[in-house]
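The chain is numbered in sequence order, starting from 1.
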Amino acid sequence: MPADTQPPKPARVLSGIQPTGRFHWGNYFGAIRQYIELQAVGESYYFIADLHALTTVRDPARLRSLVHDAAVDLVALGLDPARATLFVQSDVPEVTELSWLLMTVAPMGLLERCHAYKDKKSRGLPADAGLFTYPVLMSADILAYDATVVPVGEDQVQHIEVCRDLAGAFNHLYGEVFTMPKPRVVEGGARVPGIDGQKMSKSYDNTLDVFEDPAVQKKKIMRITTDSRPVEAPKNPDEDHLFALYALVAPEADRQRMADMYRRGGFGYGEVKKALVAAAADFFAEARARRAALEADPGRIEAILADGATRARARASQVLARARRACGLERQAAGAPRV
Ligand code: TRP
């Protein structure tokens, strides 16, 4: 069948998420929500990148609990194991083997230009080979599942470019083995301010966490910095990070009402903070309930991950077999000498 009469292939979505601790609003509204929405588009794979996390987490008990928590949180936030395949990266050893095959076609110069390694080096910090080859493992993650669409944040686009380069180099040498993926930079990803108005980030210690203890979260919200203009003064909601946070979690009608109140003036920020506490509680109530149910049934999340690993391995082993055959590691292939 000529190429142009082939039916379009359905998208196969894949993304990896580093288990770096409890997700904050920046992680959720900036990225995770959009990743999860894509589970409706076609076949989808989401994994917890524990092998990548080993480049920063060196405490085994902590790594185990980070991986568990990330899985629980993702399912609680709406990742549906009946629709998407959720698994842990290291449960699919095919990926690490594939990573080696890709390593043999990865130019040093290409990896030297990658920012995670380059930044560390430019700051005079020692880097290990795991960090240096991080983009190769990430390429294997993507290629092992024939992923076509990889939703990522802006900071990961360079790594997808590396993946495309390596896939191209391998295909050029050995034939069409790998499917070419495309990055999908998360759209509609909100820029989420922290409680101090800077970008929300763990390193600035200004986060609101998705599953934070409500009392702790309330205290943090009450501490959000605000300006000292008089109560009566009209204010522009679009220039206020307290409003921006409220807008993320409030229903549309309430958001409009709040914006009007800002423009009219004559309100105190304390009122807005209280509304934010309530809106946040409502917004995440369902996820919180799902999370409590998952935590109460520890076998459940492990069963989801085990099932995900089985499904993920089924595909990755096919792709790995293809790659092994193509580059001559498979001795049973036609033309190989018989013994
Ligand atoms: N490096 C990604 C991050 O830090 C996580 C990741 C690992 C990933 N493997 C991946 C993302 C494959 C997309 C595809 O965010």
* To do: Find out whether Glu43 and Val13 are in side-chain contact, i.e. whether some heavy atom of one side chain is under 4.5 Å from a heavy atom of the other.
  => no
* Phe87: partners by ring-ring contact (aromatic ring centres under 6.0 Å, His included), with sequence neighbours left out -> Phe47, Tyr145
* Count the heavy atoms belonging to other residues, nucleotides or ligands that lie under 6.0 Å from CZ of Phe267, then report whether that count exceeds 12. => yes
* To do: Return yes if some donor-acceptor pair links the side-chain N/O of Asn206 with the main-chain N/O of Ser201 below 3.5 Å, else return no.
  => yes
* Asked: Between Tyr246 and Tyr262, is the ring centre distance below 6.0 Å?
  -> no
* For the pair Tyr134 and His52, name the ring-plane relationship: parallel under 30°, tilted 30 to 60°, perpendicular over 60°. => tilted
* Audit row: Tyr28, Phe23, ring pair (Phe, Tyr, Trp, His ring centres under 6.0 Å) steps and yes/no -> CA-CA 7 Å; Tyr28 179 69; Phe23 297 127; 8.8 Å; no
* Asked: Which of parallel (below 30°), tilted (30 to 60°) and perpendicular (above 60°) describes Phe178 and Phe170?
  -> tilted
* **Asp240 and Lys235: CA distance, side-chain angles, deciding distance, salt bridge (charged side-chain N to carboxylate O under 4.0 Å, His left out) verdict** => CA-CA 8 Å; Asp240 182 49; Lys235 295 165 183 90; over 6 Å; no
* Please walk me through it: do Leu276 and Ile224 pass side chain to side chain contact (heavy atoms under 4.5 Å, CB included)? -> CA-CA 11 Å; Leu276 174 57; Ile224 290 178; 3.9 Å; yes
* Asked: Which is it for Arg322 and Asp146 under the salt bridge (charged side-chain N to carboxylate O under 4.0 Å, His left out) test, yes or no, and what are the steps along the way?
  -> CA-CA 11 Å; Arg322 225 156 65 202; Asp146 284 328; 2.8 Å; yes
* Check: Met261 and Glu271 side chains under 4.5 Å, non-hydrogen atoms -> yes
* **Donor-acceptor under 3.5 Å (Lys120 side chain, Asp128 main chain)** => no
* Who passes side-chain hydrogen bond (donor to acceptor under 3.5 Å, both in side chains) against Glu212, sequence neighbours left out? -> Gln217, Lys220
* Assess whether atom CD of Glu154 is packed by more than 12 heavy atoms of other residues, nucleotides or ligands within 6.0 Å. => no
* Would a 4.5 Å heavy-atom cut-off, applied to side chains only, mark Thr148 and Pro181 as touching? -> no
* Given side chain to side chain contact (heavy atoms under 4.5 Å, CB included), test Gln34 with Arg184 step by step and report yes or no. => CA-CA 10 Å; Gln34 289 74 248; Arg184 159 107 50 116; over 6 Å; no
* Enter the distance from Leu66:CG to Asp50:CG here, rounded to the nearest 0.5 Å. => 10.5 Å
* Asked: Ignoring hydrogens and geometry, is there a side-chain-to-backbone donor-acceptor pair from Thr85 to Pro81 under 3.5 Å?
  -> no
* Asked: Going by an N to O cut-off under 4.0 Å, is there a salt bridge joining Arg257 and Asp254?
  -> yes
* What's the spacing between Ile301 CD1 and Ile304 CD1 if we round to 0.5 Å? -> 4.5 Å
* Any sub-3.5 Å donor-acceptor pair from Asp91's side-chain atoms to Ala309's backbone N or O? -> no
* To do: Verify salt bridge (charged side-chain N to carboxylate O under 4.0 Å, His left out) between Arg313 and Glu94, making sure each step is shown before the conclusion.
  => CA-CA 7 Å; Arg313 282 194 83 172; Glu94 285 78 5; 3.0 Å; yes
* So, His115 side chain and Gln156 main chain: donor-acceptor pair closer than 3.5 Å or not? -> no
* Ignoring hydrogens and geometry, is there a side-chain-to-backbone donor-acceptor pair from Tyr35 to Val186 under 3.5 Å? -> no
* To do: Could you tell me whether the side chain of Asp282 and the main chain of Ala279 form a donor-acceptor pair under 3.5 Å?
  => no
* Check the hydrophobic clustering (I, L, V, M, F, W, Y; side-chain heavy atoms under 4.5 Å; chains of links allowed) and say if Leu111 and Val157 are grouped together. => no
* Between Val277 and Lys274, does a side chain to side chain contact (heavy atoms under 4.5 Å, CB included) hold up when you go through it step by step? -> CA-CA 5 Å; Val277 171; Lys274 282 203 195 105; 5.7 Å; no
* Is it true that the side chains of Arg311 and Tyr45 contain a donor and an acceptor less than 3.5 Å apart? -> no
* Val95 backbone acceptor or donor facing Ser99 side chain under 3.5 Å -> no
* Asked: How long is the span from the NE2 atom in His68 to the CG atom in Leu63, to the nearest 0.5 Å?
  -> 13.5 Å
* Just how far is it from atom CD1 of Ile32 to atom CG of Leu79, taken to the nearest 0.5 Å? -> 10.0 Å
* To do: If the plane angle is over 60° it's perpendicular, under 30° parallel, otherwise tilted; pick one for Trp25 and Phe284.
  => tilted
* Distance-only polar pair, side chains of Gln39 and Asp80, donor-acceptor under 3.5 Å -> no
* Hydrophobic cluster identity match, Met103 and Leu131, side-chain contacts under 4.5 Å -> no
* Whether Arg58 side chain and Leu54 backbone form a donor-acceptor pair below 3.5 Å -> yes
* Asked: How about Met258 and Val272: do any of their side-chain heavy atoms sit closer than 4.5 Å?
  -> yes
* Structure fact -> Closest heavy-atom pair, Ala144 versus Val319, reported as atoms and distance to 0.1 Å, is O-CG2, 3.2 Å
* Inspect the surroundings of CG in Asp205 and state if more than 12 heavy atoms from other residues, nucleotides or ligands are less than 6.0 Å away. => no
* Asked: Just how far is it from atom OG1 of Thr96 to atom CG of Asp141, taken to the nearest 0.5 Å?
  -> 9.5 Å
* To do: Mark yes when over 12 heavy atoms from residues, nucleotides or ligands other than Arg300 sit less than 6.0 Å from its CZ; otherwise mark no.
  => no
* Any side-chain heavy atom of Lys218 within less than 4.5 Å of one from Lys273? -> no
* Determine, stepwise, if the pair Arg255 / Glu252 fulfils salt bridge (charged side-chain N to carboxylate O under 4.0 Å, His left out). => CA-CA 5 Å; Arg255 193 181 330 166; Glu252 177 59 24; 3.2 Å; yes
* **CA sep, side-chain torsions, deciding dist, call: Asp119, Leu125, side chain to side chain contact (heavy atoms under 4.5 Å, CB included)** => CA-CA 9 Å; Asp119 292 354; Leu125 298 168; over 6 Å; no
* Can you check whether Leu51 reaches Ser90 side chain to side chain, under 4.5 Å on heavy atoms? -> yes
* To do: Run through Asp297, Asp69, Asp73 and flag the one making a salt bridge (charged side-chain N to carboxylate O under 4.0 Å, His left out) with Arg291.
  => Asp73
* Separation between CD1 of Ile160 and OG of Ser139, rounded to the nearest 0.5 Å -> 8.0 Å
* Asked: Below 4.5 Å, heavy atoms only, C-beta onward: do Arg12 and Ser44 meet side chain to side chain?
  -> no
* Would you indicate whether the side-chain heavy atoms of Leu329 and Leu101 approach each other to under 4.5 Å? => yes
* To do: Mind running side-chain hydrogen bond (donor to acceptor under 3.5 Å, both in side chains) on His241 and Thr225 for me, showing each step along the way?
  => CA-CA 9 Å; His241 59 278; Thr225 50; 3.2 Å; yes
* CD of Glu37: more than 12 outside heavy atoms within 6.0 angstrom? -> yes
